[in-house]
Amino acid sequence: MSKIFTQSDVASHNKTDSLWIVIDGDVYDLTPFQEDHPGGKKILQRVAGKDASKQFWKYHNEGILKKYKKLQIGSLDTKPKPAAEPMPVALPQKAVAKPAAAAVTAAPAEEAEALEPFGQQIPFADPAWYQGYHSPYFNETHAALRAEVREWVDAEIEPNVTEWDEKKEVPHEIYKELGRRGYLAGLLGVHYQKDYTDNLVKSVPVEKWDLFHEMIITDELSRTASGGFVWNMLGGFGIGCPPLVKFGKKPLIDRILPGILNGDKRICLAITEPDAGSDVANLTCEAKLSEDGKHYIVNGEKKWITNGIWSDYFTTAVRTGKPGMNGVSLLLIERSFGGVSTRRMDCQGVWSSGTTYITFEDVKVPVENLLGKENQGFRAIMTNFNHERIGIIIQCLRFSRVCYEESVKHANKRKTFGKKLIEHPVIRLKLAHMARQIEASYNWLENLLYQCEKMGETEAMLRLGGPIAGLKAQATVTFEFCAREASQIFGGLSYSRGGQGGKVERLYRDVRAYAIPGGSEEIMLDLSIRQSMRVHKMLAFTFAVPECWELIFLGFINEVLTAAMGVAHGTGNSCEHRRSTQESINLRSKWL
């Protein structure tokens with residue numbers, strides 16, 4: 001139980017051997033912290049025994065109070081007790097919420113009432129449905145999951161993210177917790193994998209799980225303002241595991257997937273090579289069939305592989321046939337096979353994500369670890385595109401909101417020329433431009449997620465590939481804009497690591513890690529128009545003859561894949577290795 005002190009009690013502890021201060025009515029014993037204070041102990045000694053709230057908030061944010069919560073020893077007797085009044089009000093709200101959940105289950109989403117406001121209610125700092133606006137997409141299960149993830153992030157993650165980023169590693173226990181909470185089983189862009197995990201999400205019934213629940217987890221994790229942390233948790237898993245689930249043989253899935261979804265094992269996607277970024281069709285990592293036909297012998301290198309240094313499994317694109325995309329296969333390579341070496345790569349941003357250079361030397365991979373069919377790996381790879389890019393979009397837009405939110409808070413306490421920053425029109429203009437881009441992009445995201453939820457997989461890949469590519473470019477441009485404008489508002493505070501501008505400084509470094517991987521902006525914008533226009537031209541015919549979706553899908557395979565794969569590290573010429581539409585259609589019998 002927290003102790004209660006008077007102001008005179010605190011005032012008596014004003015020496016170096018017993019140094020107490022008050023911040024917002026709470027009492028902190030900083031005696032053991034004096035030597036560790038980044039600003040030096042003299043600053044602390046000047047406010048010893050006093051209320052230091054004004055000085056604290058001038059140089060720090062609430063994250064520091066969370067990080068050093070252990071130094072709090074009690075509160076002043078004059079501090080207001082907020083729990084006394086809210087408690088009676090909160091109880092009826094909770095009592096009403098449970099029947100409401102049942103009502104939402106029975107009634108269509110569009111008839112539901114607006115959900116209770118959630119968060120700090122800074123305009124545009126959270127999505128509209130957090131702030132009491134009506135939404136056709138979210139119900140009580142989404143609100144419950146949001147609260148569950150927010151509590152975990154605020155208590156266990158956000159206070160430590162800066163430290164983890166500097167160390168370039170996140171404790172494995174945090175990733176393990178994703179599995180224990182049942183989150184990993186719902187983050188694959190497919191139905192919740194309840195049969196392959198020991199743990200289910202507490203706040204959401206499995207049968208109610210949808211893509212908006214998946215979005216909420218990614219979005220709330222992204223509030224930490226660290227691309228490195230989010231990629232550490234979801235990066236390799238989110239793109240390496242779906243091909244296993246969709247194309248792996250059942251015995252392979254049964255053996256491997258439970259360990260992954262429970263958080264005991266890790267997986268990544270290994271496609272990009274030193275000489276095959278955009279030009280993935282010409283990758284050279286080779287897999288030759290052994291003489292007895294029981295193994296593939298894999299030799300080659302992979303580069304810029306997220307989570308590779310920690311992974312037990314590598315969903316790997318290899319060449320098993322002729323040059324070009326029709327000679328590429330996907331193998332699930334296990335580190336335990338031997339011959340797999342990994343080393344960390346130092347990059348501009350996302351420090352704790354584990355970006356990796358991988359070398360495969362005579363790795364013997366059982367043929368049972370082939371995902372899909374031999375020489376048809378591009379179809380398996382293609383199914384990742386929409387899911388991967390939507391994940392990037394969600395992260396970019398939350399990072400943009402963080403930049404905006406931090407800027408609003410700073411602008412309301414920082415003074416220049418006798419006025420708060422927020423009182424300067426030029427600052428409000430910057431905030432307005434940030435908000436309009438964020439809100440426009442987020443509403444587009446909600447619409448596309450809804451379409452993904454309603455469409456079949458093949459139709460979604462065909463019809464939504466262009467819009468999702470366009471939104472991926474829009475989201476990364478928005479992120480880059482918001483990071484820059486936030487940096488301008490913070491000034492020098494966003495140039496130094498840590499402190500009040502620490503989140504902005506870190507996100508500014510992470511921008512390029514989102515603008516390039518998953519398809520660079522140039523490739524995404526070109527793909528968005530080219531694919532959307534081709535779909536438009538064929539819509540009349542395909543609606544008249546629905547079975548022709550298959551033909552169009554096949555006609556797109558090479559054109560879309562070469563552009564979309566561009567994926568990783570450069571703009572490339574997406575048309576360079578395009579095969580004709582007719583040739584792709586001729587492959588129909590093999591692909592379907």
Exercise. So does D126 pair up with R398, basic N to acidic O under 4.0 Å?
Worked result: yes

For this session: Over 60° means perpendicular and under 30° means parallel, so classify the ring planes of F56 and H60, tilted if in between.
Result: tilted

Problem set entry | Check ion pair D346-K168 (N to O, under 4.0 angstrom) | yes

For this session: Flag yes if more than 12 heavy atoms outside H191 fall under 6.0 Å of its NE2 atom; otherwise flag no.
Result: no

For this session: Rounded to the nearest 0.5 Å, what's the gap from OH on Y508 to CZ on R484? Could you check?
Result: 6.5 Å

Exercise. Does the side chain of H387 pick up a donor-acceptor pair with the side chain of N384 at under 3.5 Å?
Worked result: no

Exercise. Between E406 and I489, is any pair of side-chain heavy atoms under 4.5 Å apart?
Worked result: no

Problem set entry | Nearest heavy atoms of M524 and A473, plus distance in Å | CB-CB, 4.1 Å

For this session: For the residue pair F417 and E423, establish whether any side-chain heavy-atom pair is separated by less than 4.5 Å.
Result: no

For this session: Using a strict cut-off of less than 4.0 Å between a Lys/Arg side-chain nitrogen and an Asp/Glu carboxylate oxygen, indicate whether E388 and K472 qualify as a salt bridge.
Result: no

Exercise. If you count the non-hydrogen atoms of other residues, nucleotides and ligands that lie under 6.0 Å from CZ in F481, is the total more than 12?
Worked result: yes

Exercise. Can you check whether V149 reaches Y183 side chain to side chain, under 4.5 Å on heavy atoms?
Worked result: yes

Exercise. Side chains of V504 and L493: closer than 4.5 Å at any heavy-atom pair?
Worked result: no

For this session: Answer yes if the side chains of R506 and T162 hold a donor-acceptor pair under 3.5 Å, and no otherwise.
Result: yes

Exercise. With the threshold set at 4.0 Å, does a side-chain nitrogen-carboxylate oxygen contact exist between E173 and K176?
Worked result: no

Problem set entry | Candidate list I271, T272, I267, test side-chain contact (heavy atoms from CB on, under 4.5 Å), partner L269, passing option | I271

For this session: Inspect the contact between D26 and K79 and indicate whether a charged nitrogen and a carboxylate oxygen are less than 4.0 angstrom apart.
Result: yes

For this session: Using the test ring pair (Phe, Tyr, Trp, His ring centres under 6.0 Å), find all partners of Y514 that sit at least two apart in sequence or belong to another chain.
Result: W231, F399, F479

Seminar exercise, completed: Rounded to the nearest 0.5 angstrom, the NE2-CG distance for H213 and L187 is 12.0 Å

Problem set entry | Side-chain H-bond candidate by donor/acceptor type, N232 with W310, under 3.5 Å | no

Exercise. Does a side-chain N-to-carboxylate-O contact under 4.0 Å join E405 and R401?
Worked result: no

For this session: Using the test ring pair (Phe, Tyr, Trp, His ring centres under 6.0 Å), find all partners of W351 that sit at least two apart in sequence or belong to another chain.
Result: none

Problem set entry | From K413, E505, K409, residue fulfilling side-chain hydrogen bond (donor to acceptor under 3.5 Å, both in side chains) relative to Q500 | K413

Problem set entry | Option among I216, I217, L221, T218 that satisfies the side-chain contact (heavy atoms from CB on, under 4.5 Å) test with I394 | T218

Exercise. How many angstroms lie between atom CD of E169 and atom CZ of R344, to the nearest 0.5 angstrom?
Worked result: 6.0 Å

Exercise. Are there more than 12 heavy atoms of other residues, nucleotides or ligands under 6.0 Å from atom CZ of F124?
Worked result: no

Exercise. Is it true that K67 and E163 have a side-chain N and a carboxylate O under 4.0 angstrom from each other?
Worked result: no

Exercise. Is R150 paired with E220 through a side-chain N to carboxylate O contact shorter than 4.0 Å?
Worked result: yes

Exercise. Between H142 and F138, what is the ring plane arrangement, given parallel below 30°, perpendicular above 60°, and tilted in between?
Worked result: perpendicular

